[in-house]
Each structure stands twice: as C-alpha cells, then as structure tokens.
2 protein chains.
Amino acid sequence: MTSTQKASPRDRLLDAAARLSYRDGVSIGIEALCREAGVSKRSMYQLFESKDDMLAASLERRMPAYQARLTHPDPASATPRERILYVFGQLEKGSVEPEYHGCPYLAVLVEVKDPEHPASVVAREAKETLLSAFREEAERGGARDPELLARQLLLVFDGASARAGARVEHLDDALATTTVTALLDAAGVR
Amino acid sequence: MTSTQKASPRDRLLDAAARLSYRDGVSIGIEALCREAGVSKRSMYQLFESKDDMLAASLERRMPAYQARLTHPDPASATPRERILYVFGQLEKGSVEPEYHGCPYLAVLVEVKDPEHPASVVAREAKETLLSAFREEAERGGARDPELLARQLLLVFDGASARAGARVEHLDDALATTTVTALLDAAGVR
DNA sequence: CATGGTGTACACCGATCGGTGTCCTCCGAG
DNA sequence: CTCGGAGGACACCGATCGGTGTACACCATG
C-alpha cells in the first residue's frame, strides 16, 4: 500500500520546488509553488521556516539522485578513467533532453548572489562532493596532480552544464568527453 | 569641456544597470536602478521602452570593453597560442578582484531562462563573438579541429567564470591557463 | 520673450512578493 | 464519541514589482 498512497504535502512541496525553481529560477513565487504542489500556503509555512529554507531542502533532497546519476553503474569493474568519463557521458546524455537547464546547483550558485543563503550552502556542498569524487578517481588513476585534475574536470563539468543549459552549446557530439579525455591524457591517467 | 561635463542620464542609467544587475542579478528593481543612477523613473522610461530593453542596452554597451579586456595588447607580434592564453590570463587576473562575480553574459544566460529576452539575445551575441575569436586563433594556430578547440576553450572559459564568480573556485594558481595549455597541446597548436 | 524639449518629483496603478491570522473540515487515536 | 492535530480556504499585511499620469522647473533655441 505504501506505493499507492499519495505523497505527503512535504514531498509534494519539495518536488514542486525542485521542478519549478529549476525551470524558472529561484525567484519563483511561493504562491506558484504551493499551487503546483497542491498544498496550501499555510501548510507550507508550518513545514518550513521560509521559502529559502524549503528551497534549500529541495536541493538537498535531490542530491542522492543527482550523484547516483553520475556514478558508474558497476564501479568495481570500471577503471578510474571510465568512471570519470561516465560522469561526462551522463552529462551529455542528459543535456539533450528538452527539460535540461544545466546543473541545478551551479544555477543556484549563479542566481543567488548571497553565499550565506541556505540554498547556496547546499549547492556548494553538492559541488564539493563532486570535486571529492573526481579527486579520488584522479588519485586512483595515478594522475600527476589529482587535486589539479579534479578542479579541471569541474571546470569542464560546470562550463558544459551552464552552456548546454542555456542552449548556447549542445554536447551531442561528445564535446565534454572529448575535452575530458584530453585532460586525462595530459594528467597521465591511464 | 567634454571631459569634465557630467555623464548624460542615459549613460548614468546604463552604468548603474550594468553595475547593479551584475552585482545583484537581473532581478534588481528599476526603482533601485534609478536611485543609483540619480535619474527619475520617468526619464528612464522616456529613454528606454522597458526594463528589459535597458538591461539589454547596458549589456551591449559593455561588450567592446569586455572584448578589449580579453584581447592581447600587441596582437601582431603574438602567436595564436599566446593570444588564446592571454584571454585566460586576463580571466584569472580579473577573478581575484572582490568585485568579480563571473562573466556577466553567462550570468544573464543562466539567470534569464527565456531565450527570447532581449538581454539573452545580447548575451548570446557576446558568447558567439568570443567563440569566433577562439576559432580564428585555433585556425591560425594550426589546430587539428579549430571548431572543436574553440568550443572546448569556451567550456573552460565559462566554467572558470561561473565557478570563480560564485567563489567556489579561485583561479589564482593559473588553473585556467594550465587547463587550456593541455587542450592546446592536445589540439596541436604550436 | 516665447516655445519646446529634457528632466525631476511624486502620486498612483494593478499585480505580486514573502509571510500571517483566522476559521473551517477531516480523520485517526484515545 | 470526543478531542486534537493536520491540512485547506481565504482574507489580509506591508513592501515591492514594472510602468504610467501629471504637474512643474530648467534651459537652449527660435
């Protein structure tokens, strides 16, 4: 029965917040959010302290799925190089969908100028996690400078996300993986 | 006398729009813009059709200076590789300033979701210009695939801009130029 | 001096912002 | 059955949004 009972107001709010703020930006109104979620404004303010609070919660909630999407399905049998390239392959795959508007965490970091904003804090967390993952793979892959390579990869990742999300670039010809391959070669990752 | 007379309301508005929308985002209010510019709201609506219009105009106005900043001071005596690296050197130089918040054109593309928005159109123009410049240098430099290299460079450029602007990364150790060097080498640019 | 353009000051418009107060219904636990 | 909490409906708050209407001051040109 758990699978058929409808989602809680909290979950509906978090889903709506994720969807609408991703599509329209963080400046989306709470009125529209609540309407989309089918939840009264009153209920949302009993579940969350503020709009900023709910936005941060919705970003945090999406993190596991976001990371899972970028993680190689069979990590044990894959090389570090493969696991790194898988991330960018997934990025390229996702970017062709019409719903794609770039990495939501980067978008928040760009849109929300205040670094103290709860959503900014969560977004930085997400980026830090990805950086760590890259660094770990870089180390395992025998990169000459794992930290440098990880930062380079994130440069490409965020550049590709932003440009593909803004429809200024499309990654359909493996632009990201091609670029990353060159960086991996230069870093000595086998 | 031309040098000492104070700027026109139009110029003051465009300057204020560029400054405030860069610092606080495009959602800055026109009230604040006019206050900052020392121009009445009425005057601004006689000079521009709408807020969007003025925002686009302010972005367009900054384009020459923006491009000049990224252009090698002595193009004739520099190699294509040097001219490309100069762009990223300037990016790194600018990114350390406390006022830096990333490439304003990329920020607009991320913040303004509507691609038909006049500001989006201007921002895409700016990015297209930079892409062309990179492509031209790539061709002159003998890159194996000039178009590919140019797109790769823009990936790094925008990634570095966004991350440095959001203070998630700092380019003070030549991260961008190092990355670009690897890509230039891989592309066969001498 | 008269005229017209440029600009300011300021009130105002309806809409929306984030957030709250109030009262209602529904439903499960006691 | 009663009670209390969860949630909805809806009016309301002051502030701000983009934009306009109106009246007045300044100043260069005629």
Side-chain angles (χ1 to χ4, degrees), chain A residues 1-2 4-59 108 111-114 116-122, chain B residues 1-2 4-59 108 111-114 116-122:
Chain A
M1 190 66 89
T2 354
T4 52
Q5 80 187 4
K6 76 178 194 178
S8 71
R10 186 188 152 93
D11 288 351
R12 278 182 285 152
L13 274 171
L14 290 177
D15 283 348
R19 271 218 333 280
L20 290 192
S21 74
Y22 180 56
R23 198 189 57 185
D24 302 333
V26 299
S27 61
I28 181 72
I30 56 168
E31 216 106 21
L33 280 177
C34 290
R35 199 184 321 126
E36 176 85 0
V39 174
S40 73
K41 214 175 7 168
R42 206 72 195 86
S43 298
M44 106 122 225
Y45 275 105
Q46 260 154 256
L47 293 165
F48 303 98
E49 273 203 353
S50 65
K51 178 200 171 186
D52 295 352
D53 198 56
M54 182 184 57
L55 190 60
S58 82
L59 288 176
V108 163
E111 288 178 40
V112 180
K113 313 295 182 181
D114 176 17
E116 310 292 335
H117 192 293
S120 290
V121 175
V122 175
Chain B
M1 187 70 90
T2 354
T4 52
Q5 81 187 3
K6 77 177 189 178
S8 71
R10 187 189 151 91
D11 288 350
R12 276 182 286 153
L13 275 171
L14 290 177
D15 283 349
R19 270 218 333 280
L20 289 192
S21 74
Y22 180 56
R23 197 189 57 186
D24 302 333
V26 298
S27 60
I28 180 75
I30 56 169
E31 216 106 20
L33 280 178
C34 290
R35 201 185 319 126
E36 176 85 1
V39 174
S40 74
K41 209 167 22 160
R42 209 74 195 82
S43 297
M44 106 122 228
Y45 275 105
Q46 261 155 259
L47 292 166
F48 303 98
E49 272 201 355
S50 65
K51 178 201 171 186
D52 295 353
D53 199 56
M54 182 185 58
L55 189 62
S58 84
L59 288 176
V108 163
E111 288 177 42
V112 180
K113 313 295 182 181
D114 176 17
E116 310 292 334
H117 191 292
S120 290
V121 176
V122 174

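Since we're looking at a predicted model, the values are computed, not measured. Note on naming: letters A, B, ... go to the chains in the order of the sequence lines (proteins, then strands), and numbering restarts at 1 for each one.
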(message) For a 4.5 angstrom cut-off between non-hydrogen side-chain atoms, does B:K41 reach B:E31?
(response) yes
(message) Heavy atoms from C-beta onward define the side chain here; which of C:dG7, D:dC17, D:dG7 lies closest to that of B:E31?
(response) D:dC17
(request) Using atom CD of A:Q46 as one end and atom P of D:dG8 as the other, report the distance to the nearest whole Å. (result) 10 Å
(request) Report which part of the nucleic acid B:I28 touches: base, sugar-phosphate, or nothing (heavy-atom distance under 4.0 Å, all strands). (result) sugar-phosphate
(message) What contact category does A:S50 fall into here, base, sugar-phosphate, or nothing, at under 4.0 angstrom with non-hydrogen atoms?
(response) sugar-phosphate
(message) If you only use heavy atoms from C-beta on, which nucleotide in C:dG19, D:dG7, C:dG7 is closest to the side chain of B:S43?
(response) C:dG7
(message) Taking the minimum atom-to-atom distance to the side chain of B:R42, which one of D:dG7, C:dG7, C:dC10 wins?
(response) C:dC10
(request) Grab the CZ-P distance between B:F48 and D:dG19 for me, whole Å please. (result) 13 Å
(request) With A:V108 as reference, evaluate A:V122, A:L55, A:L59 under the side chain to side chain contact (heavy atoms under 4.5 Å, CB included) test and give the passing residue. (result) A:L59
(message) Do A:M44 and A:L33 make a side-chain contact, defined as non-hydrogen atoms from C-beta onward lying under 4.5 Å apart?
(response) no
(request) Would you kindly give the CG-to-P distance between A:L33 and C:dG19, to the nearest whole Å? (result) 12 Å
(message) Rounded to whole Å, please give me the gap between CZ in A:R12 and P in D:dA6.
(response) 15 Å
(message) From C-beta outward on B:K51, which listed nucleotide comes closest to its side chain: D:dC10, D:dG7, D:dG18?
(response) D:dG18
(request) Measure the distance from CD on B:E49 to C1' on D:dG18 and round it to the nearest whole Å. (result) 14 Å
(message) From CD1 of A:I30 over to P of D:dC12, roughly how many Å is that when rounded to an integer?
(response) 18 Å
(request) Check the distance between C:dT6's C1' and B:M44's CE and give it to me in whole angstrom. (result) 16 Å
(request) Measure from the side-chain heavy atoms of B:K41 and tell me the nearest of D:dT20, C:dT8, D:dC17. (result) D:dT20
(message) Side chain of A:Y45 only, heavy atoms from C-beta on: which candidate in D:dA9, C:dT20, C:dA9 is closest?
(response) C:dT20
(message) Within the 4.5 Å heavy-atom criterion, are A:D53 and A:S50 side-chain neighbours or not?
(response) yes
(request) Return the minimal non-hydrogen interatomic distance between A:S27 and A:D24, and the atom names on each side. (result) OG-O, 4.4 Å
(message) What is the separation between atom CZ on A:R10 and atom P on D:dG7, rounded to the nearest whole Å?
(response) 11 Å
